[in-house]
Amino acid sequence: MVDSAALAVITFQSTVIGLVFAALGLGFNIVYRVSKSINLAHPAIVLLAVYVTLVASSYLASHGLASLGFALGTLVAAVVGFATGVAMEITIARPLRGRPPVALIAATLGAYYILKGVAKAVARDMWTTASYRLPGISISLGPVVVDATDIAAIVLAGGTLAALIVLHRFTRLGVAMRAVAEDPYGASAYGLPVKTLTMLSWGLAGLAGALAGVALASKTGVEPSIDLYVLEALAASLLAGLDSVAGIVVGGLALGFVRQMSNYFLMSWLPGFGDAAAFILMLLVLLVKPYGLFGTERIERV
Amino acid sequence: MPPLLEVNNIEVVYHPYILVLKGISISVPEKSIVAVLGPNGAGKTTLLKSISGLVKLDRGRVTRGWIKYAGMRIENRDPEDVSRLGVIYVAEGRRIFRELTVEENIEAVAYAWGVLADPELVYRYFPRLRARRRSRAGYLSGGEQQMLAIGLALLAKPRLLMLDEPSLGLAPKVVHEVYEGIKRLHEEEGVTILLAEQNARKALEIADYGYIIENGKIVMEGPAERLREDKDVQEFYLGLKKAEGGGYRAAKWYRRKKRWV
Ligand SMILES: Nc1ncnc2c1ncn2[C@@H]1O[C@H](COP(=O)(O)OP(=O)(O)OP(=O)(O)O)[C@@H](O)[C@H]1O
Ligand SMILES: [Mg+2]
């Protein structure tokens with residue numbers, strides 16, 4: 001029924017999409033760790049970044065910088081993503097610190113609509129479907145054809161994941177951020193700059209969302225409903241465990257594979273089932289491991 | 001010379017209207033060890049947290065009186081700012097980063113203090129931790145966790161170190177080891193110590209001066225040796241022989257005793 005060439009292509013595409021999902025979900029995990037809340041505005045940060053890149057790169061193209069347009073546009077989006085994350089921490093997360101998590105969740109829902117409005121305002125007459133202008137390269141690896149959209153997605157999503165995971169696990173700054181995530185109260189008693197590190201975490205989550213968004217839009221094209229993919233990526237976060245940072249890679253890849261495979265194999269009788277399959281997988285995992293695959297079950301007092 | 005820390009008649013209220021400290025004054029001279037003793041719920045922790053500013057994070061605040069440290073008013077300041085001034089609070093219940101290894105705990109706190117922090121300091125006073133460097137702190141024994149908690153505070157080169165019930169839940173032998181470390185770092189680092197304890201015997205062994213608080217008020221104070229000699233203190237805090245005689249005093253203490261248990 002399946003020939004090996006098709007399988008190779010699906011495997012490759014699943015991996016690319018999986019990496020993108022992982023990078024999209026990363027922002028949820030980073031915010032959850034420091035603020036114990038799901039940032040429902042994350043999809044809007046992604047949306048905003050996607051359109052910022054589109055607008056910036058077309059602006060640059062109209063000024064004779066077409067070849068640099070995409071790269072510079074991505075850079076602008078990264079800055080916007082970081083700044084948005086920081087702004088959310090200052091205006092929403094900080095005042096609500098110490099309140100029940102639902103308060104923050106509700107506030108981020110409000111921020112979602114505000115940021116979506118900002119994205120529309122930034123896009124103006126470009127608030128439609130479009131695609132980034134990428135060079136027309138393509139490389140054949142056996143049956144698999146890798147084109148510029150794949151390369152952009154892999155580099156942006158993979159690079160974001162690698163950079164943030166390394167920062168988190170292996171640098172002093174990362175260790176300090178983990179300490180603040182575990183116990184902000186204790187951390188401030190020991191003099192850790194809790195406010196700055198919390199703000200930085202939100203900023204990095206926004207940055208990751210922006211870069212992942214551009215990776216996603218390279219593949220799927222730019223569209224006003226692109227934020228729905230980010231909700232799907234939330235499944236990858238929950239699957240991995242919301243407080244695990246490195247686990248998100250496994251969560252994302254699992255989501256990518258299940259989604260692509262079930263879309264491919266179920267296409268003929270259950271079209272569009274792929275998205276649902278991802279959530280069914282998530283539910284099954286959460287039934288067995290309520291904290292997700294890599295979520296820490298807190299060490300209780302010995 | 002004015003004391004390093006002066007707490008003057010403070011009132012502390014938790015949100016919304018829970019009055020916990022009802023006019024407390026203490027004074028901590030530089031290079032001394034001062035003990036704050038008292039039963040469960042007396043307000044020892046609240047006092048220490050009011051000084052460190054952490055009471056803010058519990059939605060509490062100093063509503064009357066003032067706190068002066070090294071000549072500066074510090075009541076109701078942010079805990080981060082207060083710690084920058086050299087006032088470090090080691091919370092009760094061994095507050096360490098359980099998910100991180102011992103080494104990572106040290107690294108995280110050292111990050112905050114940059115070149116100032118010398119990781120070796122932790123191992124110098126609590127050599128036992130060296131062998132446990134790579135274990136997750138959550139899996140250390142209670143004593144080791146307490147040692148790590150105090151060690152982390154040392155990284156900040158504190159001028160005033162506030163320890164909240166370092167003996168809580170530890171076996172007597174381990175308490176002894178922890179207190180040896182405290183005594184040594186007091187002598188060798190010249191750090192001033194404010195110690196909250198229910199274990200009055202242990203605290204009065206190393207303290208110069210002590211305050212006893214009950215129900216948010218100071219009920220007795222004096223040099224450590226005088227408190228050690230005091231009959232009421234002996235009976236109710238040191239668990240020695242019953243104070244002789246009966247009368248008013250015994251009846252009053254009896255009522256108090258009933259309240260604590
Ligand atoms: N965040 C808070 N909100 C309201 N009340 C509080 C809060 N924290 C403590 N209290 C109350 O303040 C009083 C003093 O508590 P505190 O923790 O300071 O006592 P303590 O002397 O440290 O006791 P222990 O020896 O048990 O540690 C208690 O009655 C407690 O219930
Ligand atoms: Mg206490």
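Hydrogens, waters and symmetry mates are skipped; everything else that's a heavy atom, side chains included, is used. Chain letters run A, B, ... following the sequence lines, proteins first, then strands; residues in each count from 1.
- For D78(B), the salt bridge (Lys or Arg N to Asp or Glu O under 4.0 Å) partners two or more places apart in sequence, or in a different chain, are K195(A), K56(B).
- Both the backbone and the side chain of L173(A) come within contact range of chain B, each with at least one heavy atom under 4.5 Å from a heavy atom of that chain.
- Across V109(B) and L192(A), no two heavy atoms sit closer than the pair CA-CD1, 3.8 Å.
- For the pair W113(B) (side chain) and Y190(A) (backbone), a donor-acceptor distance under 3.5 Å is present.
- Heavy atoms of R95(B) lying under 4.5 Å from chain A belong to its backbone as well as its side chain.
- Nearest heavy atoms, E107(B) versus V175(A): OE1-CG2, 3.7 Å.
- In summary, R98(B) and E182(A) do not engage in a salt bridge, as defined by a charged side-chain N under 4.0 Å from a carboxylate O.
- In terms of heavy atoms, A189(A) sits closest to Y89(B) at CB-O, 3.7 Å.
- Heavy atoms of other residues, nucleotides or ligands lying less than 6.0 angstrom from CZ of R73(B) number more than 12.
- With a 4.5 Å cut-off on non-hydrogen atoms, A153(B) touches chain A through its backbone and its side chain both.
- Using non-hydrogen atoms only and a strict 4.5 Å limit, the part of residues 90-103 of chain A facing chain B consists of R97(A), R99(A).
- In this structure, R84(B) contributes its side chain and G191(A) its backbone to a donor-acceptor pair below 3.5 Å.
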